[in-house]
Amino acid sequence: MLSRIAAAVVPSLGHLTTTSDEEAAPVTGSIVVANHTSLVDPGIVLAALLRHGVEPVVLATAGLWRIPVLRPLLVRGGHVPVHRGSVRAAESLDEAATALRAGRHVLIYAEGRLPPRKDSAEAAPEPFRSGLARLALAADAPVLPLGQAGARRVVSGGTVKQIAGLLTAPARRPRLHVHLGAPVRLPGDIPAATAAAHRAVTAAWRTAAAHLAREVPGGGAVRRGAAPHTR
């Protein structure tokens with residue numbers, strides 16, 4: 001349900017394009033790991049994945065379940081609340097592993113937070129936490145790296161700027177691009193697996209950012225030291 005809502009709403013916020021390294025549909029029981037840059041990028045990612053026939057279970061902060069309008073949709077879709085910093089934190093990985101074994105795709109944001117910066121430029125993913133690697137190894141699941149670019153041109157910065165960005169996006173029609181990389185099997189060591197996943201998502205992000213830069217000359221701003229390139 002969330003994926004279909006996202007697919008209906010996102011086109012009003014910007015022009016979404018997608019690419020993939022694989023022609024075949026993503027294999028079931030895979031973990032989709034995406035870079036996290038903006039409050040709106042989960043919707044963009046869900047809309048893009050639906051184009052590939054994927055409606056994933058999402059691991060999301062438990063606070064979203066306290067939003068009355070959102071809670072029924074999250075419960076109905078079997079999405080998994082993440083209780084960070086509590087004794088229940090490990091439960092989310094157990095629930096996600098169960099979903100993977102049942103043949104569902106699972107979407108996870110391995111950075112675990114939004115970047116603290118205020119600008120709207122693209123930048124490489126921040127370091128990953130270990131939860132993704134632990135989930136992949138526990139469930140023996142492949143990882144599908146996903147890179148998204150352009151979401152910060154819809155919403156970024158402080159509260160006032162975010163509201164203004166959301167209200168003006170339908171008129172501005174910023175370009176958005178999502179690239180789905182080839183599946184990756186992570187090594188058995190947690191630190192090595194975390195690093196491998198980060199490299200794969202960074203490569204997917206670079207492909208997405210480079211796509212926007214080619215499509216819209218002058219519109220692919222990237223933070224210094226994080227210039228996109230194609231593989």
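- Here Ser3 contributes atom OG and Leu73 contributes atom CG; the two are 11.0 Å apart, rounded to the nearest 0.5 Å.
- When every heavy atom of Leu13 is checked against every heavy atom of Pro174, the shortest pair comes out as O-CD, 3.2 Å.
- Tyr109 and Leu59 end up in different hydrophobic clusters when Ile, Leu, Val, Met, Phe, Trp and Tyr side chains are linked at under 4.5 Å.
- Here the side chains of Leu64 and Thr61 are in contact, with some heavy-atom distance below 4.5 Å.
- No path of Ile, Leu, Val, Met, Phe, Trp and Tyr side chains, each step under 4.5 Å between heavy atoms, connects Leu39 with Leu167, placing them in separate hydrophobic clusters.
- Residues His36 and Leu114 form a side-chain contact, since some pair of their non-hydrogen atoms from C-beta on lies under 4.5 Å apart.
- Looking at Leu100 and Ile31, their side chains come closer than 4.5 Å, going by heavy atoms from C-beta outward.
- Both Val45 and Leu74 are part of a single hydrophobic cluster, where members link through side-chain heavy atoms under 4.5 Å apart.
- Heavy atoms only, all atoms of each residue included: Pro142 and Pro183 are closest at CB-CB, 4.5 Å.
- For the atom pair CG (Leu180) and CD (Gln148), the distance works out to 13.0 Å, reported to the nearest 0.5 Å.
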Pair Val33-Phe128, side chain to side chain contact (heavy atoms under 4.5 Å, CB included): steps then yes or no: CA-CA 10 Å; Val33 55; Phe128 283 1; 4.1 Å; yes
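- Judged purely by distance below 3.5 Å, without hydrogens or angles, the side chains of Thr18 and His177 never pair a donor atom with an acceptor atom.
- With values rounded to the nearest 0.5 angstrom, Leu146 atom CG is found 8.5 Å from His179 atom NE2.
- His79 places a side-chain N or O within 3.5 Å of a backbone atom of Val58 that can act as its donor or acceptor partner.
- Clustering ILVMFWY residues whenever any of their side-chain heavy atoms sit less than 4.5 angstrom apart, transitively, puts Leu176 in the very cluster that holds Leu166.
- In this structure, Leu107 and Ala34 approach most closely via the heavy-atom pair CD1-CB, 4.2 Å.
- With hydrogens and angles disregarded, no donor-acceptor distance shorter than 3.5 Å links the side chain of Asp41 to the backbone of Ile44.
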Pair Leu50-Leu46, side chain to side chain contact (heavy atoms under 4.5 Å, CB included): steps then yes or no: CA-CA 6 Å; Leu50 189 60; Leu46 289 177; over 6 Å; no
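- Across all their heavy atoms, Ala182 and Pro145 have their closest contact at O-CD, 3.2 Å.
- Arg185 places a side-chain N or O within 3.5 Å of a backbone atom of Asp140 that can act as its donor or acceptor partner.
- Minimum interatomic distance between Leu186 and Ala197 (heavy atoms only, all atoms of both residues): CD2-N, 3.9 Å.
- Inter-residue side-chain proximity for Pro125 and His198 is flagged as met; some heavy-atom pair is nearer than 4.5 Å.
- Side chains of Ser12 and Val9 form a contact here, defined as non-hydrogen atoms less than 4.5 Å apart.
- A heavy-atom distance below 4.5 Å is found between the side chains of Trp205 and Glu122.
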Test log, rule side chain to side chain contact (heavy atoms under 4.5 Å, CB included), inputs Leu49 and Glu55: CA-CA 7 Å; Leu49 286 173; Glu55 294 187 60; over 6 Å; no
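- Contact annotation: the side chain of Val32 never approaches that of Val106 to less than 4.5 Å [non-hydrogen atoms, C-beta and beyond].
- Side chain of Arg152 to main chain of Asp119: a donor-acceptor pair is present (N/O by atom type, distance under 3.5 Å, no hydrogens or angles).
- Ile108 and Val40 fall into different hydrophobic clusters, where Ile, Leu, Val, Met, Phe, Trp and Tyr residues are linked whenever their side-chain heavy atoms come under 4.5 Å apart, directly or through other members.
- The neighbour count for Arg71 CZ, taken as heavy atoms of other residues, nucleotides or ligands under 6.0 Å away, does not exceed 12.
- In this structure, the side chain of Glu111 engages the main chain of Glu126 through a donor-acceptor pair within 3.5 Å.
- Between Pro81 and Trp65 the shortest heavy-atom distance is N-CH2, 3.4 Å.
- A heavy-atom distance below 4.5 Å is found between the side chains of Leu16 and Arg51.
- Interatomic distance, Arg173 CZ to His15 NE2, rounded to the nearest 0.5 Å: 7.5 Å.
- At distances below 3.5 Å, not a single donor-acceptor pair connects side-chain atoms of Ser30 with backbone N or O atoms of Pro26.
- A donor-acceptor pair is defined here as one N or O able to donate and one able to accept, closer than 3.5 Å; no such pair exists between the side chain of Asn35 and the backbone of Thr202.
- Arg4 CZ: 12 or fewer foreign heavy atoms inside a 6.0 Å radius.
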Leu93/Glu95 under side chain to side chain contact (heavy atoms under 4.5 Å, CB included): CA gap, chis, key distance, verdict: CA-CA 5 Å; Leu93 296 183; Glu95 291 182 43; over 6 Å; no
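- Ser156 and Gln162 are not linked by any side-chain donor-acceptor pair at a separation below 3.5 angstrom, with hydrogens and angles left out of the test.
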